[in-house]
Amino acid sequence: MDIFVGRLMSSPVQTVTRSTPIQEAADLMLRHGIGSVVVVDDVGHLDGILTATDFVTLAADGQPAEETEVNEYMTTDVVTTTANDSVYEVAQTMLDHGFHHVPVVDDTEGVVGIITTTDFTAYLSETGASDAA
């Protein structure tokens with residue numbers, strides 16, 4: 001049985017803009033218990049992604065989070081998926097590249113979700129629990 005990304009993805013997505021202070025993005029991530037925020041433009045289309053890993057670089061650079069904007073540390077060359085893609089293909093892409101987060105996009109609506117390693121873990125724990133019953 002083929003399972004599609006739309007079934008597992010997290011939505012809505014926490015977003016910021018390029019000019020958002022890194023400190024604000026970090027606060028948002030902590031408040032929601034998430035490992036990334038999606039960077040969007042004025043109409044909700046993908047500009048990039050900022051992950052917890054980017055904060056390691058920020059710390060190593062000695063930059064003050066309250067004076068640094070997201071655009072200075074975000075990744076702009078982002079691999080994306082759609083809600084209709086197979087989770088198996090996305091999982092393989094994540095494994096191949098060491099990604100933990102892949103934004104889910106739609107040509108019209110922009111960013112519609114995100115699929116993460118946590119989403120895969122939750123799905124597998126649910127299916128494993130139902131298989132044991």
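Count residues from 1 along the sequence.
- If you take OG on Ser10 and NE2 on His32, they are separated by 12.5 Å, rounding to the nearest 0.5 Å.
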Let's go through Thr82 and Val5 carefully: what are the C-alpha distance in whole Å and the side-chain angles of both, what is the deciding distance for side chain to side chain contact (heavy atoms under 4.5 Å, CB included) to 0.1 Å, and is it a yes or a no? CA-CA 7 Å; Thr82 71; Val5 169; over 6 Å; no
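- Side-chain atoms of Asp54 and Thr57 include no donor-acceptor pair closer than 3.5 Å.
- Inter-residue side-chain proximity for His100 and Thr51 is flagged as unmet; no heavy-atom pair is nearer than 4.5 Å.
- Two different hydrophobic clusters hold Val90 and Phe4 under the rule that ILVMFWY side chains link at heavy-atom gaps under 4.5 Å.
- Thr17 and Thr20 share a donor-acceptor pair across their side chains, judged by distance under 3.5 Å alone.
- Residues Tyr88 and Ile3 are in side-chain contact: their nearest non-hydrogen atoms beyond the backbone lie under 4.5 Å apart.
- Follow the hydrophobic side-chain contacts under 4.5 Å out from Phe99 and you reach Leu8 in the same cluster.
- Take Gln63 and apply the side chain to side chain contact (heavy atoms under 4.5 Å, CB included) test, not counting sequence neighbours, and it matches Leu58, Asp61, Thr68, Tyr73.
- Atoms OG1 and CD1, from Thr81 and Ile114 in turn, are 11.5 Å apart once rounded to the nearest 0.5 Å.
- At a threshold of 4.5 Å between side-chain heavy atoms, the hydrophobic network of Ile, Leu, Val, Met, Phe, Trp and Tyr places Val70 and Val56 in two separate groups.
- Nearest heavy atom pair, residue Ala52 against residue Met29, reads N-CE, 3.7 Å.
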As a quick check of understanding, evaluate side chain to side chain contact (heavy atoms under 4.5 Å, CB included) for Val87 and Phe120, giving each step before the final call. CA-CA 9 Å; Val87 295; Phe120 281 103; 3.9 Å; yes
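- With rounding to the nearest 0.5 Å, the separation of CG in Leu50 from OG1 in Thr76 is 12.0 Å.
- At least one side-chain heavy atom of Asp27 sits less than 4.5 Å from a side-chain heavy atom of Arg31.
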How far apart are the C-alpha atoms of Glu24 and Leu28, what are their side-chain angles, what is the distance that settles it, and do they pass the side chain to side chain contact (heavy atoms under 4.5 Å, CB included) test? CA-CA 6 Å; Glu24 187 178 319; Leu28 182 67; 5.9 Å; no
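- Taking CD1 of Ile22 as the start and CG of Asn71 as the end, the distance is 8.5 Å to the nearest 0.5 Å.
- Looking at every heavy atom in both residues, Pro103 comes nearest to Val79 through CD-O, 3.6 Å.
- Once rounded to the nearest 0.5 Å, the distance linking CG of Asp119 with OG of Ser11 reads 10.5 Å.
- For the residue pair His45 and Thr108, the shortest heavy atom distance occurs at NE2-O, 3.8 Å.
- Atom CG of Leu46 sits about 8.0 Å away from atom CD1 of Ile49, to the nearest 0.5 Å.
- When each of Ile34, Val38, Val37, Val40 is tested with Val13 by the rule side-chain contact (heavy atoms from CB on, under 4.5 Å), just one qualifies, namely Val38.
- Residue Glu69 comes nearest to Arg18 through the heavy atom pair CB-O, 3.7 Å, listed as atom of the first residue, atom of the second, then distance.
- Atom CG of Asp96 has more than 12 heavy atoms from other residues, nucleotides or ligands within 6.0 Å.
- Between the side chain of Thr116 and the main chain of Thr118, a donor-acceptor pair closer than 3.5 Å is present.
- Residues Val112 and Met9 approach most closely at O-CE, 3.7 Å, considering heavy atoms.
- The shortest heavy-atom contact between Ala83 and Val104 is N-CG1, 3.4 Å.
- Not one N or O on the side chain of Asp106 forms a donor-acceptor pair closer than 3.5 Å with the backbone of Gly110.
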